**Student:** 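Pasting in a structure now, in structure tokens, and then I'll have a few things to ask.
Note that the structure is predicted; figures quoted are calculated from it, not measured. Basis for what follows: all heavy atoms, side chains included, without hydrogens, waters or symmetry-related copies. Naming: A, B, ... by sequence-line order, numbering from 1 per chain.
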There are 2 protein chains.
Amino acid sequence: MKTLRLTSNDRAVLLASRFFARLPRATAEAILDGTIVSTHEEHDILFRQDEPVDHVFFVLSGLIRLYRLGKDGREADIAVFPKGEIFGENAMFLDHRATANAQAAEPLIVARLESRKLRQLAAENTDVAQALIELLCHHGKMTEDCLAEDRLLTAPQRVASYILSHCPDGLSSFSFRLPFQKNVLAGKLGLAPEALSRAFSMLRQSGVTVKGRVIEIRDRQALERF
Amino acid sequence: MKTLRLTSNDRAVLLASRFFARLPRATAEAILDGTIVSTHEEHDILFRQDEPVDHVFFVLSGLIRLYRLGKDGREADIAVFPKGEIFGENAMFLDHRATANAQAAEPLIVARLESRKLRQLAAENTDVAQALIELLCHHGKMTEDCLAEDRLLTAPQRVASYILSHCPDGLSSFSFRLPFQKNVLAGKLGLAPEALSRAFSMLRQSGVTVKGRVIEIRDRQALERF
DNA sequence: CATGCGGATTGACCCTAATCAAATAATTTT
DNA sequence: AAAATTATTTGATTAGGGTCAATCCGCATG
């Protein structure tokens, strides 16, 4: 891990993100004051479950994976965040302890906002509080969606649902590139990699073609029915 | 469903709850102004997924079950809230649309706080915003826990974990009464009722006795090891 | 006390996905 | 481009739970 200062480009990216965009410029700058940047290699751990965390993180590039560990060492993914997303914000209000482990799922650059300061600002400034509320709601809903999918859908259905979530409305056929390794996708969907692979081959009969990271859909309806 | 006015006892219960206790009295009263109470029979639906909700709910008595529906009509429980808990708060920040269905899991009385007003107060008042932030964090963590348990634990382990969560630290043997039907517990743990039953009988060999709703634990260690 | 009902348990069976092992791609390194 | 890693796929097997059906139990009711 190397730590750097915030470049002006980083700053611009941060300010354009959903979280900061809603805030008055001065407020956003106040939050960013003191923010540093760190770079990590794939597999680096940023923080561990139940340990203290002093930052809220913003992904500038790369991918982060939040997961919990079972007694037997197995890992359960809680969430995966790509560039532009914030994570670790809930620790701020839970005694500054992480609820999960955070691991770089590919080479990663994050901005580290000082969590104590951010918490303080949220306590004084309703705009900041509001932004945090929406962030927490959004993340909460994501987890809820995940839980519901786990309980309601089979592996191929979860994969179909994932694919559809990337399909713009109205199109009946389209293609896109997976934003990360199948490995990571499997974890995110709560599947072993083998199960993901088999799910894809199930979906072939519904017009899904997989070539490397590129997914092609011939028939949206068929996928929705699955 | 019948609707009533808030009794002074209801009001006292509300003000003593975790959410309101942190707020200045006047602020709490402002939130409660306009609050009404409704009673529901078991199985009544309070709101449905994706439909508009205009309240945030506080359980005065009984039990509520939040669940999502699958395409095939199967139900997946997202959370179960007993007396004293608040639910439906996330809809406030998601265009006033519920993320799940809410059903009374037993005869139920809830206080209905006007969500638009509460949202407005949160936007003006940092105390209110703070209280909401902590509520959202708490609920978010609950969902996260649930997701992790689903992915990491077998049925007997989930049941063991549930039992342990009711065991005061330090005690090695104790007993308690399930706060709801096994039916509901099964749903909350993401199990079919049959699987819950079988899990209990697995746990017999680790010193767990089940008589009706009463659970008795002989050996805490054994349960933790499971 | 007999009856009926709903919840809970048990048994039988099946299906899904995890696991382990091996074979193939894909990438990276040399 | 060959070698060496690192992903991904495929096959075989197994464990964990879901589902369905039958039975049992506890409790309320007449």
Side-chain angles (χ1 to χ4, degrees), chain A residues 41-43 63 65 67 70-77 104-107 146 149-162 177-205 208-215 226, chain B residues 41-43 63 65 67 70-77 105-107 149-162 177-205 208-215 226:
Chain A
E41 320 211 336
E42 188 169 352
H43 300 134
L63 202 67
R65 186 171 78 90
Y67 64 97
K71 279 202 296 264
D72 52 0
R74 276 178 26 255
E75 303 180 349
D77 285 30
E106 49 182 67
C146 209
E149 293 211 339
D150 269 26
R151 290 185 172 181
L152 290 172
L153 305 183
T154 66
Q157 289 174 325
R158 303 216 279 270
V159 176
S161 158
Y162 175 81
R177 200 180 145 75
L178 289 177
F180 32 67
Q181 283 191 317
K182 297 211 179 92
N183 218 350
V184 176
L185 177 57
K188 178 180 155 72
L189 298 178
L191 297 173
E194 295 94 325
L196 175 64
S197 192
R198 280 186 249 269
F200 273 132
S201 76
M202 278 271 95
L203 293 178
R204 244 198 313 263
Q205 70 192 50
V208 174
T209 319
V210 179
K211 273 212 281 293
R213 275 203 189 178
V214 177
I215 312 288
F226 204 95
Chain B
E41 321 210 335
E42 188 170 349
H43 301 133
L63 201 68
R65 186 172 80 89
Y67 65 97
K71 280 202 295 266
D72 53 359
R74 275 179 26 257
E75 303 181 348
D77 285 30
E106 49 181 69
E149 294 212 337
D150 269 25
R151 290 184 171 180
L152 289 172
L153 305 184
T154 66
Q157 289 173 324
R158 302 216 280 268
V159 176
S161 159
Y162 175 80
R177 200 182 145 75
L178 289 177
F180 34 65
Q181 284 190 315
K182 298 213 178 92
N183 219 348
V184 177
L185 178 57
K188 178 180 155 71
L189 298 178
L191 298 173
E194 295 94 326
L196 176 63
S197 194
R198 280 186 250 269
F200 273 132
S201 75
M202 279 271 96
L203 293 178
R204 244 198 314 263
Q205 69 193 51
V208 174
T209 319
V210 179
K211 272 213 281 296
R213 273 201 190 180
V214 178
I215 312 288
F226 205 95

**Student:** Are Arg213(A) and Gln181(A) side-chain neighbours, meaning at least one heavy-atom pair lies under 4.5 Å?
**Tutor:**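 When only atoms from C-beta onward are counted, Gln181(A) and Arg213(A) do touch, with a gap below 4.5 Å.
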**Student:** Backbone N or O of Arg151(B) within a donor-acceptor pair of the Arg74(A) side chain at under 3.5 Å?
**Tutor:**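 At least one qualifying donor-acceptor pair exists.
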**Student:** Heavy atoms, side chains only, cut-off 4.5 Å: are Arg198(B) and Met202(B) in contact?
**Tutor:**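 Arg198(B) vs Met202(B): side chains apart.
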**Student:** Could you measure the distance from the CG atom of Leu203(A) to the CD1 atom of Ile215(A)? Nearest 0.5 Å is fine.
**Tutor:** 9.5 Å
**Student:** Identify, residue by residue, the members of residues 182-193 of chain A with a heavy atom below 4.0 Å from DNA chain D, and return them in order of residue number, or none.
**Tutor:**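 The stretch gives Lys182(A), Asn183(A) as the residues lying under 4.0 Å from the strand, ordered by number.
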**Student:** Expressed in angstrom and rounded to an integer, what is the separation of Leu152(A) atom CG from dT19(D) atom C1'?
**Tutor:**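 It works out to 16 Å between those atoms.
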**Student:** Report the nucleotide, chosen from dA7(D), dG18(D), dT10(D), that has the shortest atom-to-atom distance to any side-chain atom of Gln181(A).
**Tutor:**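 Of dA7(D), dG18(D), dT10(D), dA7(D) is nearest to the side chain of Gln181(A).
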**Student:** How long is the line joining CG of Asp150(A) and C1' of dG16(D), in whole Å?
**Tutor:**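 Between C1' of dG16(D) and CG of Asp150(A): 15 Å.
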**Student:** Taking the nucleotide of DNA chain C with the closest heavy atom to each, which residue, Ser201(B) or Ala155(A), is nearer the 5' end?
**Tutor:** Ser201(B)
**Student:** Just wondering, more than 12 heavy atoms not from Glu42(B) lying within 6.0 Å of its CD?
**Tutor:**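 Counting other residues, nucleotides and ligands, CD of Glu42(B) exceeds 12 neighbours.
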**Student:** Can you tell me how far P of dT8(D) sits from CZ of Arg213(A), to the nearest Å?
**Tutor:**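 That distance rounds to 8 Å.
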**Student:** Select one nucleotide: of dT9(D), dA17(C), dT19(C), the one nearest the side-chain heavy atoms of Ser197(A).
**Tutor:**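 In terms of side-chain proximity for Ser197(A), the closest of dT9(D), dA17(C), dT19(C) is dT9(D).
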**Student:** Atom CZ of Arg151(A) and atom C1' of dA17(C): how far apart are they, to the nearest Å?
**Tutor:** 17 Å
**Student:** Using side chain to side chain contact (heavy atoms under 4.5 Å, CB included) as the criterion, point out the one residue from Val159(A), Thr154(A), Leu153(A) that pairs with Pro156(A).
**Tutor:** Thr154(A)
**Student:** Produce a footprint string for nucleotides 20-30 of chain C: one letter per nucleotide, 5' end first; B if the base is under 4.0 Å from any protein heavy atom, S if only the sugar-phosphate is, - if neither.
**Tutor:** B----------
**Student:** OP1 or OP2 of dT19(C) sitting under 4.0 Å from any side-chain N/O of Arg74(A)?
**Tutor:** yes
**Student:** Atom CG of Asn183(A) and atom CG of Leu178(A): how far apart are they, to the nearest 0.5 Å?
**Tutor:** 12.0 Å
**Student:** Atom CZ in Arg158(B), atom CG in Leu196(B): separation rounded to 0.5 Å?
**Tutor:** 10.5 Å
**Student:** In whole angstrom, what separates Gln157(A)'s CD from dT16(C)'s C1'?
**Tutor:** 11 Å
**Student:** Starting at CZ of Phe180(A) and ending at P of dA7(D), how long is that distance when rounded to a whole Å?
**Tutor:** 16 Å
**Student:** Measure from CG on Leu178(A) to P on dT8(D) and round the result to the nearest Å.
**Tutor:**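 Atom-to-atom, Leu178(A) to dT8(D), this comes out as 9 Å.
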**Student:** Rounded at 0.5 Å granularity, tell me how far CD in Glu106(A) sits from NE2 in His43(A).
**Tutor:** 10.5 Å
**Student:** Taking CD from Glu75(A) and P from dA18(C), how many angstroms apart are they, rounded to a whole number?
**Tutor:**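 After rounding, the reported distance stands at 15 Å.
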